[in-house]
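Right, one structure below, let's go through it.
Heavy atoms only: backbone and side chains are in, while hydrogens, waters and symmetry mates are out. Order of the sequence lines sets the chain letters (A, B, ...), proteins ahead of strands, with each chain counted from 1.
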Amino acid sequence: MIDVKLIRDDADGVKQRLATRNVDTGPIDEVLKLDENWRAKKHDAEQRQAALNKANKAFGTWMGGRKKNPEMPAPIELVELLGETPPDPETAQVKLRELGETKDKIEGEAAAILNQIEAHLLHLPNLPGAKTPVGRTEADNVVVKEWGKPTEFDFEPKAHWDLVGDKGLELEIGGRISGSGFPFLRGKLAKLERAMINFFLDLHTAEHGYTECWTPFMVRGETLRNSSQLPKFYDDLYRADERDDLYLIPTAEVPLTSVHAGEIIADEDAPIRYCAYTPCFRREAGAAGKDTRGILRVHQFSKVELMVVTTPERSDEEHETLTRCAETVLEKLNIPYRRLELCTGDMGFGAARCYDLEAWAPGVGKWLEVSSCSNFTDFQARRAKIRVRDKDKNTRLAHTLNGSGLACPRTMIAIIENNQRADGSIAIPGALQPFYGAAEL
RNA sequence: GGAGGGGUGGCAGAGUGGUUGAUUGCGUCGGUUUCGAAAACCGAUUUGCCCGCAAGGGUAACGGGGGUUCGAAUCCCCCCCCCUCCGCCA
């Protein structure tokens with residue numbers, strides 16, 4: 001969520017910045033109006049509550065006093081609020097109840113307005129960072145780095161689906177069991193998948209300082225709200241069923257972001273870095289019919305995720321570090337890749353800045369997104385109530401970041417297609433051999 | 001799934017309708033003392049929101065949500081989580 005105070009203080013600025021994300025800024029004006037309304041109601045209700053609190057205390061004292069002295073007169077605080085001297089406690093009670101009901105009504109109106117404000121805010125994306133390139137579509141993303149040269153072949157490189165048909169890519173079986181988009185791996189490819197996961201995890205824990213986590217794969221709606229998949233992206237999620245209000249996670253980002261929900265973290269304990277392997281489940285509702293061949297786009301895939309909680313001062317630096325950790329995986333696998341900085345119009349909902357890492361896949365002849373490294377600034381932290389506290393006890397919202405390190409299917413495609421030989425055999429990259437246990441697939 | 005116990009401030013642990021945002025202990029921070037430290041003593045020590053330039057004032061929160069009441073941490077209802085035992089099952 002973006003900060004309602006920002007809208008209060010600089011609605012035009014917020015509108016300008018959000019407009020670069022191709023967002024309808026109408027709700028901003030609406031929020032501005034509602035907020036003004038809310039504050040008036042809220043203030044009114046609190047004034048009434050303050051008066052009632054005083055009177056109720058006085059009433060209690062009066063009741064206590066009358067036990068000893070039945071002639072005790074009504075206390076001044078009570079008389080002040082009621083505007084008259086009550087003849088007896090019963091009369092005072094009736095008046096207090098009426099005043100309380102009026103207060104409740106105003107309070108209820110304020111709460112209803114606050115709900116409307118929140119409903120708007122939950123559907124507004126994060127403000128883009130000051131350095132985020134402005135642009136409308138993915139064509140406006142900026143290639144900020146290229147690593148390695150696209151692999152050259154003295155033969156026509158094949159696509160992965162033509163290379164590993166006899167090595168365990170069993171799409172028909174997956175289809176039979178679950179449907180299209182649920183790949184089934186058997187034998188060598190199944191082992192390759194496991195080798196990749198172990199390689200990723202070992203690298204990030206042993207060399208990059210991340211703490212390995214094992215998380216639930218099903219989560220509550222509230223957890224998805226914290227990391228901003230809900231309410232806006234309900235259609236992209238798999239939900240258990242009406243008996244259990246649980247959803248299958250689309251990424252380990254979801255459980256990891258909520259690890260410290262509601263907590264205040266000491267500055268010196270930040271950054272906190274977590275990594276986790278999980279399967280990821282995505283309906284890919286908006287992408288039906290796109291990239292359907294092979295394992296380019298699937299409903300279930302493995303991913304090792306990197307997640308960081310840090311201070312606002314440090315998040316830019318952590319963003320670079322995190323992205324480097326993901327890049328290191330590709331470099332160790334010797335996969336040519338490029339880093340894109342996404343423009344305002346193409347960034348994910350919660351991101352203020354985002355780098356995509358794209359691996360070169362010579363068989364399909366495309367750059368494949370294998371990682372997306374985002375700085376969410378305080379967007380998720382505001383929803384999840386994650387804060388940090390400095391030495392002087394100033395608390396402020398934490399910043400959260402995450403990125404894939406990496407996603408398996410597309411990385412597997414890159415491995416297969418970049419390491420193919422003319423005879424159709426596939427070499428295993430050196431870094432992966434200890435995990436796979438052989439030099440060839 | 002069944003039965004029972006419990007969720008209070010950084011932690012421990014009181015509190016069963018009326019100045020209780022909450023006794024107390026520990027921890028932490030500041031001060032006194034000391035050459036320094038320990039000990040002792042004194043003081044401070046939750047977070048959100050609203051009004052205010054500020055000083056300050058107001059309000060809310062005792063797992064979450066509803067209810068009863070003039071007034072709820074305290075009473076009632078629903079839900080969540082943790083613990084123990086039984087059943088079932090990897």
Inset, instruction - Identify, with sequence neighbours excluded, every residue that meets ring pair (Phe, Tyr, Trp, His ring centres under 6.0 Å) alongside A:H319. - result: A:Y355

Legend entry - Salt bridge present between A:D9 and A:K5 (N-O < 4.0 angstrom): no

Inset, instruction - Using the P atom on both, measure B:U74 against B:U16 and round to a whole Å. - result: 12 Å

Legend entry - Strand contacts (RNA chain B) in residues 98-115 of chain A, 4.0 angstrom heavy-atom criterion: none

Inset, instruction - Please state the P separation for the pair B:G1 and B:U19 - nearest whole angstrom. - result: 41 Å

Legend entry - Within residues 33-40 of chain A, residues whose heavy atoms come under 4.0 Å of RNA chain B: A:W38, A:R39

Legend entry - For RNA chain B, the dot-bracket pattern of Watson-Crick and G-U pairs whose distances stay under 3.5 Å, | for other-strand partners: ((((((((.[[[..)..(.....]]]((((((.......))))))((((((....)))))).[[[[[..)....]]]]])))))))....

Inset, instruction - Using the P atom on both, measure B:C70 against B:C11 and round to a whole Å. - result: 37 Å

Inset, instruction - Without swapping roles, check the side chain of A:T20 against the backbone of A:Q16 for a donor-acceptor pair under 3.5 Å. - result: no

Inset, instruction - Could you verify whether a donor N or O on one side chain and an acceptor N or O on the other, from A:N226 and A:T223, lie under 3.5 Å apart? - result: no

Legend entry - Nearest-angstrom distance, P atom, B:A12 to B:G27: 15 Å

Inset, instruction - Using heavy atoms and a sub-4.0 Å distance, could you list which residues of residues 47-57 of chain A are near RNA chain B? By number, please. - result: A:Q49, A:A50, A:N53, A:N56

Legend entry - Span of RNA chain B in contact with chain A (heavy atoms, under 4.0 Å): B:G18 to B:C81

Legend entry - 5' precedence on RNA chain B between A:I264 and A:E46 (nearest-nucleotide basis): A:I264

Inset, instruction - Please state the C1' separation for the pair B:C26 and B:A90 - nearest whole angstrom. - result: 44 Å

Inset, instruction - Using a strict 4.0 Å threshold on nitrogen-to-oxygen distance, state whether A:R8 and A:D35 make a salt bridge. - result: yes

Inset, instruction - Could you name each residue pair satisfying side chain to side chain donor-acceptor pair (under 3.5 Å) that touches residues 259-272 of chain A, not counting sequence neighbours? - result: A:H260-A:E263, A:H260-A:Y274, A:D267-A:R396

Inset, instruction - Any side chain to side chain donor-acceptor pair (under 3.5 Å) involving residues 403-417 of chain A? Give me the pairs, sequence neighbours left out, ordered by first then second residue. - result: A:H160-A:E417

Inset, instruction - Please list all pairs passing the side chain to side chain donor-acceptor pair (under 3.5 Å) test where one or both residues lie in residues 164-185 of chain A, with sequence neighbours left out. - result: A:E170-A:R186

Legend entry - A:D29 and A:K15 ion-paired at < 4.0 Å: yes

Inset, instruction - Determine the interatomic distance between P on B:G7 and the same-named atom on B:G63; round to the nearest Å. - result: 8 Å

Inset, instruction - Inspect the contact between A:R97 and A:E101 and indicate whether a charged nitrogen and a carboxylate oxygen are less than 4.0 angstrom apart. - result: no

Inset, instruction - Look at A:E222 together with A:R225 and state whether they make a salt bridge at an N to O cut-off of under 4.0 Å. - result: no

Legend entry - Pairing residues for A:F233 by the ring pair (Phe, Tyr, Trp, His ring centres under 6.0 Å) criterion, not counting sequence neighbours: A:F349

Inset, instruction - Run the salt-bridge test on A:E320 and A:R324 with the 4.0 Å N-O cut-off and return the result as yes or no. - result: no

Legend entry - Inter-nucleotide P distance (B:C41, B:C85), Å rounded: 43 Å

Inset, instruction - Using a strict cut-off of less than 4.0 Å between a Lys/Arg side-chain nitrogen and an Asp/Glu carboxylate oxygen, indicate whether A:K332 and A:E207 qualify as a salt bridge. - result: yes

Inset, instruction - Report which part of the nucleic acid A:K393 touches: base, sugar-phosphate, or nothing (heavy-atom distance under 4.0 Å, all strands). - result: sugar-phosphate

Legend entry - Set of residues satisfying ring pair (Phe, Tyr, Trp, His ring centres under 6.0 Å) with respect to A:F301, sequence neighbours excluded: none

Inset, instruction - Give one of base, sugar-phosphate or nothing for A:K5, where a contact means two heavy atoms less than 4.0 Å apart. - result: sugar-phosphate

Enumerate, atom names and distances included, each donor-acceptor pair closer than 3.5 Å involving a side-chain atom of residues 120-133 of chain A, sequence neighbours excluded.
| unit_1 | atom_1 | unit_2 | atom_2 | d |
| --- | --- | --- | --- | --- |
| A:H120 | ND1 | A:Q116 | O | 3.3 |
| A:H123 | ND1 | A:A119 | O | 3.0 |
| A:N126 | ND2 | A:G350 | O | 3.0 |
| A:N126 | ND2 | A:F376 | O | 3.1 |
| A:N126 | ND2 | A:T377 | OG1 | 3.0 |
| A:T132 | OG1 | A:G129 | N | 3.0 |
| A:T132 | OG1 | A:G129 | O | 3.2 |
| A:T132 | OG1 | A:A352 | O | 2.8 |

Inset, instruction - Could you give the distance separating B:U45 and B:U24 at their C1' atoms, to the nearest angstrom? - result: 15 Å

Inset, instruction - Could you tell me whether A:D140 and A:R136 have a side-chain N and a carboxylate O separated by less than 4.0 Å? - result: no

Inset, instruction - Have a look at A:R8 and say if it touches a base, only the backbone sugar-phosphate, or nothing, with a 4.0 Å heavy-atom cut-off. - result: sugar-phosphate

